[in-house]
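Computed from a prediction, not measured in an experiment: that's the story for all the values here. Chain naming here is simple, since letters A, B, ... match the order of the sequence lines and numbering starts at 1 in each. What you see below is based on every heavy atom in this structure, not just the backbone, and it leaves out hydrogens, waters and symmetry mates.
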Protein chains: 2
Amino acid sequence: MDQVEIFKALSNKTRLQILGWLKAPELHFPEQPNADFENVGVCVGQIQLKSGLSQSTISEYLSILQRADLISSTRLGQWTYYKRNKEGLEKLSEIINTEL
Amino acid sequence: MDQVEIFKALSNKTRLQILGWLKAPELHFPEQPNADFENVGVCVGQIQLKSGLSQSTISEYLSILQRADLISSTRLGQWTYYKRNKEGLEKLSEIINTEL
DNA sequence: TTGGTATATCGGGAAAAGTCGATATACATT
DNA sequence: AATGTATATCGACTTTTCCCGATATACCAA
């Protein structure tokens, strides 16, 4: 993954917010039936609702974050759940501490 | 400083390279008369030369990095020297570790 | 004060990102 | 099979970023 793409993914207020929400889903989203936050994350619809942006925009934003390895997804039935990707974020932290 | 602006500043290959060069100027730039790397940094002309981009572009890039608190500048005679801003980079690292 | 060098700012054209509504796809339920 | 719901993709339009050359400003030297 190109470093520039990681920073581009983070260069947007809504995408930064999404990462913040996913860091503590229980604080930012209502209870979910059939899928716990820790294991699978939060479904697209909830994220969209909270963001106030259109469904298509949020879907694209999530895939940008995913391409940057900052989040990961799981499909369960008709829902796609996204959660933080700890490894990707640790790698980012390392880039900043060692290369910049 | 807005977090988004920090990440935007980092969303460009050349600007990332500049930060990398400024992390270890002695490895990336020739000796400078009258100004040592540790205290004042590297002058715009040297950075431009190494980047291969135009003078105006590099001048703008440096000011983008400076507005994001990632570098700082010192004017000495007709030269402006830029160096890494440790504090800003530490703050960035903290943002990533605590908010994302 | 005239000219030379270093850097900053301005104006612009091309490319990329932001964001939407419409449509497609995937899955579930009846 | 038909319909409904969740998400992804497409096409378009607007705004922002990239990067340049030209020009302005600041400082220095003769």
Side-chain angles (χ1 to χ4, degrees), chain A residues 1-19 21-22 25 29-30 32-35 40-68 70-83, chain B residues 2-19 21-22 29-30 32-35 40-68 70-83:
Chain A
M1 186 59 196
D2 182 12
Q3 292 181 195
V4 173
E5 292 304 311
I6 299 175
F7 290 115
K8 278 187 185 170
L10 296 169
S11 301
N12 175 282
K13 181 146 165 286
T14 303
R15 291 195 297 265
L16 279 179
Q17 286 178 322
I18 291 172
L19 282 175
W21 297 336
L22 293 180
F29 299 100
Q32 282 182 148
N34 288 330
V40 296
V42 183
C43 79
V44 179
Q46 290 301 315
I47 298 171
Q48 190 231 318
L49 210 63
K50 190 158 177 79
S51 75
L53 296 185
S54 75
Q55 189 273 316
S56 55
T57 297
I58 292 307
S59 179
E60 173 157 23
Y61 281 9
L62 290 169
S63 87
I64 289 171
L65 289 169
Q66 179 162 233
R67 275 200 300 280
L70 298 169
I71 62 179
S72 65
S73 68
T74 312
R75 180 115 203 189
L76 274 190
Q78 35 191 161
W79 293 275
T80 308
Y81 297 87
Y82 283 91
K83 68 177 177 189
Chain B
D2 182 11
Q3 291 181 194
V4 174
E5 292 304 312
I6 299 174
F7 290 115
K8 279 187 184 170
L10 296 169
S11 300
N12 175 282
K13 181 147 166 286
T14 304
R15 290 194 297 264
L16 279 180
Q17 286 178 323
I18 291 172
L19 283 175
W21 297 336
L22 293 181
F29 299 99
Q32 283 182 147
N34 287 331
V40 295
V42 183
C43 77
V44 179
Q46 289 301 315
I47 298 171
Q48 190 232 319
L49 209 63
K50 189 158 178 79
S51 75
L53 296 184
S54 74
Q55 190 272 317
S56 55
T57 297
I58 292 307
S59 178
E60 173 159 22
Y61 282 9
L62 290 168
S63 86
I64 290 171
L65 288 170
Q66 181 162 231
R67 275 199 301 277
L70 299 169
I71 62 179
S72 63
S73 67
T74 311
R75 180 116 203 186
L76 274 191
Q78 38 191 160
W79 293 275
T80 306
Y81 297 87
Y82 283 91
K83 67 176 177 189

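- For A:Thr74, the side chain to side chain contact (heavy atoms under 4.5 Å, CB included) partners are A:Val40, not counting sequence neighbours.
- In this structure, B:Glu5 and B:Ala68 approach most closely via the heavy-atom pair O-CB, 4.2 Å.
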Identify the pairs formed between an N or O of the protein and an N or O of nucleotides 16-18 of chain D at a distance under 3.5 Å, and give each distance.
residue : atom : partner : partner atom : Å
D:dT17  : OP1  : B:Lys8  : NZ           : 2.9
D:dC18  : OP1  : B:Asn12 : ND2          : 3.3
D:dC18  : OP1  : B:Arg15 : NH2          : 3.3
D:dC18  : OP2  : B:Arg15 : NH1          : 3.1
D:dC18  : OP2  : B:Arg15 : NH2          : 3.3

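- Nearer the 5' end of DNA chain C, as judged by each residue's closest nucleotide, is the contact made by B:Glu60, out of A:Ile58 and B:Glu60.
- Remark: A:Asp2 CG to A:Lys8 NZ distance equals 8.0 Å, nearest 0.5 Å.
- Between the P atom of D:dC19 and the CD atom of B:Gln17 lies a distance of 11 Å, rounded to the nearest Å.
- Going from atom CG of A:Leu65 over to atom C1' of D:dA8 covers 16 Å, rounded to whole Å.
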Below 3.5 Å between N/O atoms, which protein atoms pair up with nucleotides 24-30 of chain C? Just atom names and distances, please.
none

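- Applying a 4.0 Å cut-off to non-hydrogen atoms, none of the residues of residues 45-52 of chain B approaches DNA chain D.
- Across the protein-nucleic acid pair, A:Gln66 atom CD and D:dT7 atom P stand 14 Å apart, rounded to whole Å.
- With hydrogens and angles ignored, no donor-acceptor pair under 3.5 angstrom links the side chain of B:Ser54 to the base of D:dG21.
- For the atom pair A:Ile6 CD1 and A:Ile64 CD1, the distance stands at 14.0 Å (nearest 0.5 Å).
- B:Tyr82 comes within 4.0 angstrom of sugar-phosphate atoms only, judged by non-hydrogen atoms across all strands, and of no base.
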In a table with atom names and distances, give each donor-acceptor pair under 3.5 Å that connects a side chain of residues 43-51 of chain A to protein atoms at least two apart or in another chain.
residue : atom : partner : partner atom : Å
A:Gln48 : NE2  : A:Leu53 : O            : 3.1
A:Ser51 : OG   : A:Gln48 : O            : 2.8
A:Ser51 : OG   : A:Leu53 : N            : 3.0

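- Remark: C1' of D:dA8 and CD of A:Gln55 are 7 Å apart, rounded to the nearest angstrom.
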Which donor-acceptor pairs under 3.5 Å do the side chains of residues 75-83 of chain B make with protein atoms, sequence neighbours left out?
residue : atom : partner : partner atom : Å
B:Arg75 : NE   : B:Gly77 : O            : 3.3
B:Arg75 : NH2  : B:Gln78 : O            : 3.4
B:Lys83 : NZ   : B:Asn39 : O            : 2.8

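- Screening B:Asn12, B:Leu16, B:Leu22, B:Ile71 against B:Leu65 for a side chain to side chain contact (heavy atoms under 4.5 Å, CB included) leaves a single residue, B:Ile71.
- Taking the side chain of B:Thr80 as heavy atoms from C-beta on, and the options D:dC20, D:dA8, C:dA8, the nearest nucleotide is C:dA8.
- In this structure, CG in B:Leu19 is found 11.5 Å from OG1 in B:Thr14, a value given to the nearest 0.5 Å.
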What do the steps show when you test B:Trp21 against B:Val42 for side-chain contact (heavy atoms from CB on, under 4.5 Å), and what is the final call? CA-CA 10 Å; B:Trp21 297 336; B:Val42 183; over 6 Å; no

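- Remark: the backbone N or O of A:Gln55 is not paired with any side-chain donor or acceptor of A:Ser59 at under 3.5 angstrom.
- Scanning all heavy atoms of the two residues, the minimum distance from B:Leu70 to B:Ala9 falls at CD1-CB, 4.2 Å.
- As a whole-Å value, the separation of B:Lys13 NZ from C:dA15 P is 18 Å.
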